[in-house]
Amino acid sequence: MRVVDAAQVAELLTFDKLVPALREGFARGAQAPLRHQHAVGAPGEDGRLLLMPAWSDTYIGVKLVNVFPHNGARGLPAIQPVYLLSSATTGEQLAAIDGAELTRRRTAGASALAGSYLAKPDASRLLVVGAGKVAEVIPHAYRTVRPIHSVQVWNRTQDHADAAVARLRAEGFAAERADDLAAAVRAADIVSCATLSAEPLIHGDWLQPGCHLDLIGSFAPHLREADDDAVRKATVFVDTEDALEESGDLIDPLASGALTKAGITATLYDLTRGVHGGRTDADEITYFKSVGTALEDLTAGALVYQAATAA
């Protein structure tokens, strides 16, 4: 069984290969049951074990995520994931892959995949809201599907935004810090949010004709990155229908009446299979909400394993 660490995952899982693989993965489909979780660990640690399985005719994969919220006091990440890949023919274990790097790359890759259908073909101005691990790879992912020329980064903590800008400049992007979030949203072709905000950061009246809004951060009912007006102004897409039950960016608008289930235009399955063509005109405002799916992990894990064994 191969062990693939974070540095190797970053080297092998390049977005020019990952985005097409995800496109093919969604078009083909796989068995991906809903994630489930269990209370685990020593008393008082409030540990949770999350399991995200998926399988195809070729591979079986499962992401194991240990969540220990008190790890910050120990100087350790609260989230400790690993991805296990095995053969669907023999059941033999093929690889243990760093789950954190795999997750952040497949997450950004899925957003870029959606953007390839939903962002304007000439979209060149990207605003990244957030400065965490996922946020820092978003420009790299989007650059594989759109001609990104400039990147602005907004974050509540300006020092973190400055650090992200410095990294992006070193990586060849024309990047700068955004101090006025409203102005930055109004100027952007693509707004990609990867935060853990509990209150809406993006207001619908800031969104200009032709903008694509990409919401990554809200994976739970209490988290939200955009307000109801953003939903009302936009054509709404989701990665999978599971997002309707998991994200505050959909749960709250559904509860308020700003959105109906019939108002969900299409999923990534629909887009990749040609059921829906995506953006319909240059002035359309598109809204994409993702919560992630084990199919993405399986696709990314298989790509890592294939690249590692070919090296």
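Nothing here was measured: the structure is a model prediction, and the numbers come from that model.
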Using a 3.5 Å cut-off and no angle test, enumerate the donor-acceptor pairs between side-chain atoms of residues 11-21 and protein atoms at least two apart in sequence or in another chain.
from, atom 1, to, atom 2, distance (Å)
Thr14, OG1, Asp16, OD1, 2.6

Distance-only donor-acceptor pairs under 3.5 Å for side chains of residues 215-223, two or more places apart:
from, atom 1, to, atom 2, distance (Å)
Ser218, OG, Ala220, O, 3.3
Ser218, OG, Leu223, O, 2.6
Ser218, OG, Ser247, OG, 2.9
Ser218, OG, Gly248, N, 3.2

Under 3.5 Å, side-chain donor or acceptor atoms of residues 304-311 against the rest of the protein: list the pairs with distances, not counting sequence neighbours.
from, atom 1, to, atom 2, distance (Å)
Gln306, NE2, Tyr59, OH, 3.2
Thr309, OG1, Tyr305, O, 3.0
Thr309, OG1, Gln306, O, 3.0

Pair up each side-chain donor or acceptor in residues 40-51 with any protein partner under 3.5 Å, not counting sequence neighbours, and list the distances.
from, atom 1, to, atom 2, distance (Å)
Glu45, OE1, Arg74, NH1, 3.4
Glu45, OE1, Arg74, NH2, 3.0
Glu45, OE2, Arg74, NH2, 2.8
Asp46, OD2, His70, NE2, 2.9
Arg48, NE, Gln37, OE1, 3.0
Arg48, NH2, Gln37, OE1, 3.2

For residues 118-134, which side-chain donor-acceptor pairs fall under 3.5 Å, sequence neighbours excluded?
from, atom 1, to, atom 2, distance (Å)
Arg125, NE, Ala187, O, 3.2
Arg125, NE, Asp189, OD2, 3.2
Arg125, NH1, Ala187, O, 3.1
Arg125, NH2, Asp189, OD1, 2.8

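Under the 4.5 Å side-chain contact rule for hydrophobic residues, Val238 and Leu254 share a cluster. Ile251 and Val231 fall into different hydrophobic clusters, defined by Ile, Leu, Val, Met, Phe, Trp and Tyr side-chain heavy atoms under 4.5 Å apart, directly or through other members. Note on Leu201: it does not cluster hydrophobically with Ile138, by side-chain heavy-atom contacts below 4.5 Å among ILVMFWY residues. Hydrophobic clustering (side-chain heavy atoms under 4.5 Å, transitive across Ile, Leu, Val, Met, Phe, Trp, Tyr) keeps Ile60 apart from Leu102. Leu181 and Val153 are not part of a single hydrophobic cluster, where members link through side-chain heavy atoms under 4.5 Å apart.
Residues Arg104 and Glu136 are paired through a salt bridge, judged by an N-O separation under 4.0 Å between the basic side chain and the carboxylate. No salt bridge links Glu171 with Arg143; every basic N to acidic carboxylate O contact stays at or beyond 4.0 Å. Under a 4.0 Å N-O distance rule, the pair Arg224/Asp228 qualifies as a salt bridge. By the 4.0 Å N-to-carboxylate-O rule, Arg105 lies close enough to Glu101 to be salt-bridged with it.
The shortest non-hydrogen separation linking Pro69 to Val67 is CD-O, 3.6 Å. Of all heavy-atom pairs spanning Pro209 and Ile285, the tightest one is CA-CG1, 4.1 Å. Nearest heavy atoms, Ala175 versus Arg169: O-NE, 2.8 Å. Of all non-hydrogen atoms in Arg106 and Gly292, the two that sit nearest each other are NH1-CA, 3.6 Å. For the pair Arg273 and Gly29, the tightest heavy-atom approach, listed with the atom from each and the gap, is NH2-CA, 3.6 Å. The shortest non-hydrogen separation linking Cys193 to Leu213 is SG-CD1, 4.4 Å.
In this structure, the side chains of Phe288 and Ser192 stay at 4.5 Å or more apart for every pair of heavy atoms. Within the 4.5 Å cutoff, side-chain heavy atoms of Tyr83 are placed close to those of Leu298. In this structure, Ile97 and Gln8 have side chains that are not in contact, with every pair of non-hydrogen atoms separated by 4.5 Å or more. Glu241 has its side chain within reach of Thr267: a pair of non-hydrogen atoms, C-beta onward, lies under 4.5 Å apart. Annotation: side chain of Val191 is in contact with side chain of Cys211 (closest heavy-atom distance under 4.5 Å). At a threshold of 4.5 Å between non-hydrogen side-chain atoms, the residues Leu259 and Ile264 count as touching. When side chains are defined from C-beta on, Thr235 does not count as touching Tyr287, because their heavy atoms never get closer than 4.5 Å. Asp239 places a side-chain heavy atom less than 4.5 Å from the side chain of Glu296.
Leu85 CG to Lys63 NZ: the interatomic distance, rounded to the nearest 0.5 Å, is 13.5 Å. Atom CG of Asp214 sits about 9.0 Å away from atom OG1 of Thr286, to the nearest 0.5 Å. Rounding to the nearest 0.5 angstrom, the gap separating the CZ atom in Phe173 from the CD1 atom in Ile148 is 8.0 Å. Expressed to the nearest 0.5 Å, how far CG of Asp297 lies from CG of Leu84 amounts to 11.5 Å. Taking CG of Asp270 as the start and OG1 of Thr240 as the end, the distance is 11.0 Å to the nearest 0.5 Å. With rounding to the nearest 0.5 Å, the separation of CZ in Arg177 from CG in Asp159 is 8.5 Å.
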Subject >> Residues Leu207, Ile202; criterion side-chain contact (heavy atoms from CB on, under 4.5 Å); working and verdict >> reply: CA-CA 8 Å; Leu207 299 173; Ile202 307 300; 4.1 Å; yes

**OP:** Report the C-alpha distance between Phe26 and Tyr269 in whole Å, list the side-chain angles of each, state the deciding distance to 0.1 Å, and finish with yes or no for ring-ring contact (aromatic ring centres under 6.0 Å, His included).
**Re:** CA-CA 5 Å; Phe26 273 99; Tyr269 295 107; 5.1 Å; yes

**OP:** For the pair Glu92 and Ser87, evaluate side-chain hydrogen bond (donor to acceptor under 3.5 Å, both in side chains) and give the outcome as yes or no after the intermediate values.
**Re:** CA-CA 5 Å; Glu92 62 186 317; Ser87 168; 4.9 Å; no

**OP:** Start with the C-alpha distance between His212 and Tyr142, add both sets of side-chain angles, then the distance that settles side-chain contact (heavy atoms from CB on, under 4.5 Å), and finish with yes or no.
**Re:** CA-CA 12 Å; His212 172 54; Tyr142 268 104; 3.7 Å; yes

Original post:
Can Leu34 and Asp242 be said to form a side-chain contact (heavy atoms from CB on, under 4.5 Å), step by step?
Top reply: CA-CA 8 Å; Leu34 279 174; Asp242 295 341; 3.4 Å; yes

**OP:** Could you give me the CA-CA distance, side-chain angles and deciding distance for Glu199 and Ser197, then say whether side-chain hydrogen bond (donor to acceptor under 3.5 Å, both in side chains) is met?
**Re:** CA-CA 5 Å; Glu199 299 293 335; Ser197 179; over 6 Å; no

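No more than 12 heavy atoms of other residues, nucleotides or ligands lie within 6.0 Å of CG in Asp57, so this atom counts as exposed by the packing criterion.
Formation of a donor-acceptor pair under 3.5 Å by the Gln208 side chain with backbone atoms of Trp206 is found in this model. Checked by atom type and distance alone, the side chain of Gln158 never pairs as donor or acceptor with a backbone atom of Asn155 at under 3.5 Å. In this structure a side-chain-to-backbone donor-acceptor pair under 3.5 Å is present from Glu225 to Thr195. Ser256 places a side-chain N or O within donor-acceptor distance of the main-chain N or O of Pro253, the cut-off being under 3.5 Å. For the pair Lys233 (side chain) and Gly204 (backbone), a donor-acceptor distance under 3.5 Å is present.
Judged by distance alone, the side chains of Asp227 and His203 do bring a donor and an acceptor atom under 3.5 Å apart.
Among pairs with a residue in residues 19-34, those fulfilling side-chain hydrogen bond (donor to acceptor under 3.5 Å, both in side chains) read Arg23-Ser116, Arg23-Tyr117, Glu24-Arg28, at least two apart in sequence or across chains.
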